[in-house]
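Here is the structure we will look at.
On a predicted model such as this, the values are computed, not experimentally measured, just so you know. All values below come from the heavy atoms of this structure, side chains included, with hydrogens, waters and symmetry mates left out. Indexing begins at 1, ligand by ligand and atom by atom, following the structure's order.
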Amino acid sequence: MDIAEILELANNLIFSKTGKHLDRLQKTVLKGTIQGQTYSEIAKDNGFSESHVKNVGHELWNLLSSVLGEKVTKANFKSIFKNIRSKNFSQIDSKGCQNNPTINNINIFTDKHRSSSSPQNPQKTPTQPHIDLGDAPEIFSFYDRTTELATLVNWIICDRTRLIALLGISGIGKTTLSLRLIEQIKTNFDYIIYRSLRFSPTLNATLTNLLQIFPHEADIPQNIETQISQLLNYLRQHRCLIIFDDLQMLFASGQLAGQYQTGYEDYQLFFKLIAEVNHNSCLLLNSWEKPREIAKLEKANNYVRTFVLGSLGLAAKEILKERKLSDEETWETLIDIYQGNPLWLELTASAIEEIFAGSVSDFLQCDAPILDESLQAQLDQQFQRLTQQEIAVITQLAKESQPVVLPDILKIGELSVSDLVNVMRSLGRRLLIEGKEEGKTTFFSLNSVIKEYVKTRYMR
Ligand SMILES: Nc1ncnc2c1ncn2[C@@H]1O[C@H](COP(=O)(O)OP(=O)(O)O)[C@@H](O)[C@H]1O
Ligand SMILES: [Mg+2]
């Protein structure tokens, strides 16, 4: 097992936990550890202080320990990883699916490690699929997301996952990724259907629309119960991939995250049945907010999973290249500040083009992050949904320069402990706050863009 393989494996594991790829220093620490270097040698070779390298190392071992469910240390890291690799590579079956392809639900290897004799689409259906993408946007450019695609393909094709929530803040690339996913796995399905729920259709309207796609002799039933059972029949008879995009539009504004609007609660039952009834199909739900029932179903059922989509990483440089921005040596900083969010970067790139003649370096001289008006408007849509209590807490978090623990927020605010816990969970379900576990304590913070937005909107 070479260094690149170990790094990729570690990257996939860390990514699954944090939504972030390994950064340069983390890779340096891992590389040094594999080569048997001490922290002090790693620090010296790379121009860092020993204590900084040690901290980065400790944080990495903690993260890896929590993903793997066993204690990882600098001393045992190499042998644990060798073990994982040899176990999992011997378990790749003739269909290209590993019998145990995941560790704690995390896909640990990307496509290039599948054997060439094992096709990407193992359960190929004989016919061309019926593809109905409705009003899906056309994709003009697509960069990277190799790890994310590999995980989703694995869950859908190999693990036969029935219900997947693909979560992420607006603009992170959920729609784009799910449409790209279709390209990769379409030959495994009889039907592929994409529907955006942006106009908040009732379940009745959604099911009537779906049922029309399948060949039917009689009229489409009006009754929800019969509609659901008919659709489940189709999902058993045919292998279908159905994507519901913009699921958040079914949730109520001004209430804690993931609560259905009045008249939309029956979607919960529908999703529960999709998870629990035996069939061969998959429903992918794209959303800004985690539906509450998914967490419950996930615990009880192996066929339900959640994928949180994070930064596009360095592949976002391609977006900046397309815009012909200059000062490439500073692009990584720009990508970090804007959380690798492709939409935020596209909108910011337009501002850099217009006001800074395309110079990223000049832009960064100003007090970044600067939030372009259209980026603010994007975030407005998400923040309009928050409760007053959520706004109070997130404003409190925006004032902090360091990550804080729950008791610190409680001291300053006026909420009861129960209210605060509910608000923090809701902000977490909206992916607006970041929680980092250190030992037995969770430290909460806001990323730089959200912090700047909150300051602009609620504190000035
Ligand atoms: N992997 C990618 N490569 C290139 N552009 C991307 C990628 N992912 C997203 N984008 C671009 O970012 C913008 C937002 O993506 P989108 O899929 O609409 O995000 P979301 O559905 O999460 O709100 C779009 O303009 C899209 O073209
Ligand atoms: Mg979208």
If you take all heavy atoms of Glu390 and Gln255, which pair is closest and at what distance?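 Looking at all heavy atoms of both residues, the shortest contact is OE1-O, 4.2 Å.
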Side chain to side chain contact (heavy atoms under 4.5 Å, CB included) between Phe363 and Thr330, intermediate numbers included: CA-CA 10 Å; Phe363 175 80; Thr330 61; over 6 Å; no
Is the cationic atom of Arg195 (NZ for Lys, CZ for Arg) positioned less than 6.0 Å from the six-membered ring centroid of Phe244 and within 45 degrees of its normal?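 Checked: cation-pi criterion not met.
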Under 3.5 Å, side chain of [X] to main-chain N/O of [Y], donor-acceptor pair present?
X      : Y      : answer
Ser65  : Val72  : yes
Gln248 : Trp288 : yes
Asp23  : Gln26  : yes

What is the total of protein N/O/S atoms that are closer to the Mg ion (ligand 2) than 2.8 Å?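 Of the protein's nitrogen, oxygen and sulfur atoms, 1 lie under 2.8 Å from the Mg ion (ligand 2).
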Scan side-chain atoms only and decide if Ser359 and Asp327 contain a donor-acceptor pair under the 3.5 Å cut-off.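 Per modelled atom types, Ser359 and Asp327 side chains form a pair under 3.5 Å.
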Look at Asp246 together with Lys174 and state whether they make a salt bridge at an N to O cut-off of under 4.0 Å.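 Not counted as a salt bridge, because no side-chain N and carboxylate O are separated by less than 4.0 Å.
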Salt-bridged, Glu353 to Lys324, with N to O below 4.0 Å?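 Judged by the 4.0 Å cut-off on N to carboxylate O distance, Glu353 and Lys324 do not form a salt bridge.
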Anything with a heavy atom under 4.0 Å from ligand 1 counts, so go ahead and list those protein residues by chain and number.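 Residues within 4.0 Å of ligand 1: Ser141, Phe142, Tyr143, Arg145, Ile169, Ser170, Gly171, Ile172, Gly173, Lys174, Thr175, Thr176, Leu312, Pro342, Leu343, Glu346.
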